[in-house]
Amino acid sequence: MLKGKSLVNIDDVASEDFFRIFDLASEYKKRLSVGEYVKELEGKIMSTLFFEPSTRTRLSFESAMHRLGGNVISVSEAKSSSASKGETIADTIRMASSYSDIVVMRHPMEGAARLASEFSSVPVINGGDGSGQHPTQTLLDLFTIWEKFGRIDNLDVSLVGDLKYGRTVHSLVRALSRFDNTVNLISPEILQMPDHVISGMKQARRIKRIENLDDVLTKSDVFYVTRIQKERFVDLNDYAKVIGSYSFDMETVSKMKKNSIIMHPLPRVDEINPEVDMDPRAYYFREASNGVFVRMAIISMILGVR
Amino acid sequence: MLKGKSLVNIDDVASEDFFRIFDLASEYKKRLSVGEYVKELEGKIMSTLFFEPSTRTRLSFESAMHRLGGNVISVSEAKSSSASKGETIADTIRMASSYSDIVVMRHPMEGAARLASEFSSVPVINGGDGSGQHPTQTLLDLFTIWEKFGRIDNLDVSLVGDLKYGRTVHSLVRALSRFDNTVNLISPEILQMPDHVISGMKQARRIKRIENLDDVLTKSDVFYVTRIQKERFVDLNDYAKVIGSYSFDMETVSKMKKNSIIMHPLPRVDEINPEVDMDPRAYYFREASNGVFVRMAIISMILGVR
Amino acid sequence: MLKGKSLVNIDDVASEDFFRIFDLASEYKKRLSVGEYVKELEGKIMSTLFFEPSTRTRLSFESAMHRLGGNVISVSEAKSSSASKGETIADTIRMASSYSDIVVMRHPMEGAARLASEFSSVPVINGGDGSGQHPTQTLLDLFTIWEKFGRIDNLDVSLVGDLKYGRTVHSLVRALSRFDNTVNLISPEILQMPDHVISGMKQARRIKRIENLDDVLTKSDVFYVTRIQKERFVDLNDYAKVIGSYSFDMETVSKMKKNSIIMHPLPRVDEINPEVDMDPRAYYFREASNGVFVRMAIISMILGVR
């Protein structure tokens, strides 16, 4: 049960709660699609406390809160906050939590959300903490897979691109490994998934490093592509080479199964060619818009109206 | 009909829609003036996506949305947006549109709003795109004239100041020229209205460049004054001279007709002396506040509740 | 009566209004604590116009407005406002006031709020103007004392720390001195309360400069501690010494009366050791959260629904 609890780490969410969230997100999606106004959180206030900018995540949460009839107070930039006067995270979160019923926090430092949850008088949702966790992203990713395939087990999932710094794939691989899934890791040498992320997992034997994208192209159900940041490369020629072998265009996509999908946490830069957008296997925009329904579900479950 | 459509360019708005907008704006203005709460867009969300700051325009739209009972999610500064991670306008607008029912976008680049409207899943209102269009400003200008004179034809209108870079006057002159109006262009040599703006207009013969403000002061019905930006001048002495001959003080105003009005898109700097503010012909603050009612009308017509 | 009036200076608020505000804040606090949604300002809009950042004050006001069912439009940073185009405060406030029913303004310049109130078409609440006034802070401070002791007279109050630049203590000492209170001023030499603040007060004889904190520690009812800013000191050794003698830790607190309280306008830095937070005399977080209820009361009284 999520009621009254903070959501800091996807590992803390019980698997049965995954499906409760999916069901509720699905219900909200249907009701919104017919123009219904889901007014379950009237009078409630969410604080969005962003110590680093993330427009996509912030707007998605704020949209979710408004769709539920609630209101939002927002700090979109750390520098305009009391933090710049030397205030600790503990004191800042005490402030935000005394002004609202739920807090969404994003912070550049790993562990910041856990710390915040300990000092907050209301539940805290981790909206991303450094290279740490971003649990609602993982839940919307899983929901998108569940919506497409009707399940989140017995799937072949390929994670492609930056598996070292890409926070979302770390959480995703852990969540997928709770169930019977095959996970392929496809990345350039210098952007491989760190061992500590996968070691000790129940299903670790079904997680494999794969050399070439071509080796899985015809068999995976899900391709989860991540942004490869130019800044990671000292030599821009290396970047160009990597982008060349790990990006998706229509030639790549044409080899994929008819019933497979491409996902991406967005923003994308060169990893997916815009020509792919019109293909029915392009699922990244749907994935992004699912964020609102999944967050609606999480918020209303935490606030105990569901 | 505006229903379900984007509003990018004033030239795309049919003249009969001008009057539908005026009537509805007028109705809203009356209802708000007696303290009524017009709750026609409850549960709806507007995204305001501002890639360059414009507090006045953003607040006016947000006020309009709230007055209609709707909610707002807002990005007031480009730099805190995904754009800084290399995301295209197409992808950014896809995001914003999947979180809301209508998007207001302002962008420094001409044509950005048109591009956005092609990728958005919901209607886009152009809140100003570079030196391009700012159609809701034109509509609120026209509404203010209509409210005063009961018509937007058979008027003598003088546009004064920066007619070269002043985006609002380009749209205004095109809109006024759909009807039987006389338009006088009064500006310093270096800030003249470009030929391409007026060439090919139906009523072009009634648009005249006038040397001196004095030549029209006693006969115009409307003086539309624009801000002359210091930055346009290499030599600040030139700026001082220009401001001297194109600005309005009580001496200027005293020569105007009793029934004439002064408008200005604001912010003003030195073009209109604050001593003029109390004169009944000073219409620029009323013009600004009309922005809320006109935008309410536009939003509710686009969202199809009117 | 506050109805329809601006709130610029605490000195303009009648003492009987203090108690009206306390009673209403108290009522709102009770109703919110049982989960009631106080929907008294539906359809109303507040503008928050912050020319300098103050997350705490802004969020507290915005939370208060939302708790009352109203909406908010917000400018959190001056630089993104028309002010940067050379617009005067008079014109900016005319804009904001034409978009909303009440304006909260914060400005780095003393007197800015008074000026704004003269040009605004709706009531203005001063959210802090430079080294001038911050009346809602004073009211929430007084409310916190009233809530604890049931009165705001016949108390022994010690103001500790930066009494020179600390705006909140200037207003507080003036307000406390309307009633029979003893006020002790305890600060380093260079941060003493300026004479002009206390001269001419009715109860000036009961305001005393005290050398050592120890002299009042066992007798005061209220310790109001303020942040000492490093930037005030040329020599950082001086700062270290000062912080040493004016800060509160458990050793200090253990000498205080059982029924006394410590307040602080927050953010705190080194003035109060976090170990004090758990002591029942630590009242600064309660003080901060009281800000919402007191501001709710002020807003609804000004807007005339109470």
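Heavy atoms only: backbone and side chains are in, while hydrogens, waters and symmetry mates are out.
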message: Determine whether a donor-acceptor pair (N or O, by modelled atom type, separation under 3.5 Å) exists between the side chain of R58(A) and the backbone of S74(B).
response: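 Judged by distance alone, yes, a pair lies under 3.5 Å.
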
message: Looking at R67(A) and G43(B), would you say the former's side chain and the latter's main chain have a donor-acceptor pair under 3.5 Å?
response: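 Yes: the side chain of R67(A) pairs with the backbone of G43(B).
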
- prompt: With only heavy atoms counted, which part of S47(B) is less than 4.5 Å from chain A, the side chain, the backbone, both or neither?
  reply: neither

field: Residue among R94(B), K44(B), E42(B) with most heavy-atom pairs under 4.5 Å to chain A
entry: R94(B)

- prompt: Just how far is it from atom CD1 of I272(A) to atom CG of D91(B), taken to the nearest 0.5 Å?
  reply: 9.0 Å

task: Nearest 0.5 Å please: distance from the CE atom of M65(A) over to the CD1 atom of I45(B).
output: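 So the gap between those two atoms works out to 11.5 Å.
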
Within residues 132-146 of chain A, residues adjacent to chain B where the heavy-atom gap is under 4.5 Å: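 When heavy atoms of chain B are the reference, residues 132-146 of chain A contributes no residue within the under-4.5 Å range.
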
- prompt: Which residues, numbered in order, of residues 274-284 of chain A come under 4.5 angstrom of chain B by heavy-atom distance?
  reply: D277(A)

query: Does some side-chain heavy atom of M95(B) sit less than 4.5 Å from a side-chain heavy atom of L266(A)?
result: no

- request: State, with a plain yes or no, whether a side-chain heavy atom of S60(A) is found less than 4.5 Å away from one of Y99(B).
  value: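 Touching, per the 4.5 Å side-chain cut-off.
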
- request: Please check if atom NZ in K3(B) has more than 12 non-hydrogen atoms from other residues, nucleotides or ligands closer than 6.0 Å.
  value: no

message: Tell me whether the count of non-hydrogen atoms from other residues, nucleotides or ligands lying under 6.0 Å of NZ in K39(A) goes above 12.
response: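 Yes, because the 6.0 Å sphere around NZ of K39(A) holds more than 12 heavy atoms from other groups.
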
query: Between H66(A), R286(A), E36(A), E62(A), which shows the greatest number of heavy-atom pairs under 4.5 Å with chain B?
result: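 Winner by heavy-atom pair count: H66(A).
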
message: Run N71(A) and N71(B) through side-chain contact (heavy atoms from CB on, under 4.5 Å) and show every step you take.
response: CA-CA 9 Å; N71(A) 272 307; N71(B) 272 307; 3.8 Å; yes

